[in-house]
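A quick write-up on the structure given underneath.
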Amino acid sequence: MRLRQIEVFHAVYANGSISAAARGLNVSQPAVSKVLRHTESQLGISLFNLVRGRLVPTDEAHALFREVDEVFSRISSLQVTANNLRNTGTGHLRIGVAPSLGLEVAPRAIAEFRTKYPNVTFDIKTVHHNDISRALYERECDLSIGYDPPEHPRLRLEKLSAARLYLICRPGKFPSGKTTLKISELSGLDMISVNGSGPIGDLVEANLDKAQIDVRKIISVSTYYIAAALVRFGSGIAIVDQFTARSMMSDGLEALSISPEMQFGVHAIWLEDRPPSRLGLQFVAEVKKALQP
């Protein structure tokens, strides 16, 4: 499919009619119909059926749209970047962040960065540990901020901070005034675990195994802020990173230090052959500040 065919198909699918697509593209209806017919002929499939006067996408169109929508988003990002490059002092940063860093750290860093560079635009994606390499390879982001990334010969890292894990629970779960919990005190408790959390999950498992502690893993989730929400409503306890603990604290939650302490690193990550731009490195410096208590 050529770019014009992608644009027309996307417009018809998104708007639900040829007339609306034509208005959005600022072209005539016959022009849209012609491109759509040529696309269907070229692909050898029907993309839309006329049902009671309405265009209804076929199963093939639904499958194709998922791919086309991603291409269309990248074209939009390219247009933003091209427009920004025309002006001195502007730019566009595509940043991947670990979900828990998107709660407070990344927003704080972006807000502070934009006070210095108000013409810089951002594309922020939440990137789980196992997706860091893929997101960089596929150019979904220029650099990523995450936890102890996997070793890879093409990845380059800059450690920004050390961080630690906390146990979060509802107030009253443990004796009043208690601020530190021995890992042995977790034995037999209902715990919410986080799947796919990479080095943090491995760190928790290693410490539980070392202490020979059995917990009841009653719920598994994909992000720490969902785990924190479940704890708030009384579903159990959870071990989370300090940034989730810091940003999710409220009257319904309290955070306790864990003994022995569990530490991990926060890193800026990029590909060796695609180093960050000057603006990218300046943003990394702002993230480093935002990571401090």
Side-chain angles (χ1 to χ4, degrees), residues 97-106 126-132 145-151 157 159-267 269 288 290-293:
V97 297
S100 54
L101 294 176
L103 295 171
E104 181 181 333
V105 172
T126 53
V127 180
H128 291 272
H129 175 80
N130 293 335
D131 292 328
I132 290 174
I145 311 294
Y147 306 137
D148 291 337
E151 292 187 7
L157 319 175
K159 187 172 182 178
L160 306 180
S161 178
R164 57 178 176 158
L165 301 181
Y166 284 81
L167 181 133
I168 56 173
C169 60
R170 295 186 74 177
K173 179 70 176 178
F174 299 99
S176 177
K178 197 175 187 68
T179 58
T180 300
L181 200 70
K182 293 181 180 179
I183 196 169
S184 58
E185 295 179 74
L186 303 182
S187 182
L189 296 182
D190 292 342
M191 178 175 284
I192 298 155
S193 62
V194 181
N195 290 332
S197 57
I200 294 182
D202 294 342
L203 183 60
V204 172
E205 289 299 321
N207 277 269
L208 290 174
D209 289 345
K210 183 178 180 180
Q212 297 183 327
I213 301 301
D214 288 325
V215 294
R216 293 194 296 269
K217 296 179 182 177
I218 57 168
I219 304 173
S220 62
V221 296
S222 59
T223 58
Y224 285 103
Y225 53 82
I226 295 178
L230 287 165
V231 173
R232 176 177 289 119
F233 284 94
S235 292
I237 62 170
I239 296 176
V240 302
D241 62 278
Q242 68 182 62
F243 310 108
T244 298
R246 187 169 75 190
S247 60
M248 298 290 284
M249 284 303 96
S250 70
D251 292 339
L253 284 177
E254 65 179 11
L256 303 176
S257 299
I258 304 171
S259 178
E261 190 175 274
M262 304 183 207
Q263 283 201 346
F264 60 97
V266 184
H267 301 261
I269 309 140
K288 192 170 185 177
L291 286 165
Q292 304 311 310

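Between Met262 and Ile183, some side-chain heavy-atom pair lies under the 4.5 Å cut-off. A heavy-atom distance below 4.5 Å is found between the side chains of Leu186 and Ile239. In this structure, Tyr147 and Val266 have side chains that are in contact, with non-hydrogen atoms separated by less than 4.5 Å. The side-chain heavy atoms of Val215 and Lys217, taken from C-beta on, include a pair separated by under 4.5 Å. By the 4.5 Å heavy-atom criterion applied to side chains, His128 and Asn130 are not counted as neighbours. In this structure, the side chains of Asp190 and Ile219 stay at 4.5 Å or more apart for every pair of heavy atoms. A heavy-atom distance below 4.5 Å is not found between the side chains of Val194 and Ile200. At a threshold of 4.5 Å between non-hydrogen side-chain atoms, the residues Arg164 and Ser257 count as touching.
What you find for Thr244 and Ala228 is that their closest heavy atoms are CG2-CB, 4.3 Å. Here the shortest heavy-atom pairing between Gly265 and Lys159 reads CA-CE, 4.0 Å.
Atom CG of Leu167 sits about 4.5 Å away from atom CD1 of Ile237, to the nearest 0.5 Å. Remark: Thr179 OG1 to Tyr166 OH distance equals 10.0 Å, nearest 0.5 Å. Distance check: Arg216 CZ to Leu189 CG gives 7.0 Å after rounding to the nearest 0.5 Å. Rounding to the nearest 0.5 Å gives a distance of 13.0 Å between CG of Leu253 and NZ of Lys173.
Residue Gln212 qualifies as open at atom CD: its count of foreign heavy atoms under 6.0 Å is 12 or below.
Below 30°, between 30° and 60°, or above 60°: for Phe243 and Phe264 the angle between ring planes is above 60°, a perpendicular geometry.
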Please determine whether salt bridge (Lys or Arg N to Asp or Glu O under 4.0 Å) holds for the pair Lys178 and Glu254, giving the CA-CA distance in whole Å, both sets of side-chain angles, and the decisive distance to 0.1 Å.
CA-CA 11 Å; Lys178 197 175 187 68; Glu254 65 179 11; over 6 Å; no

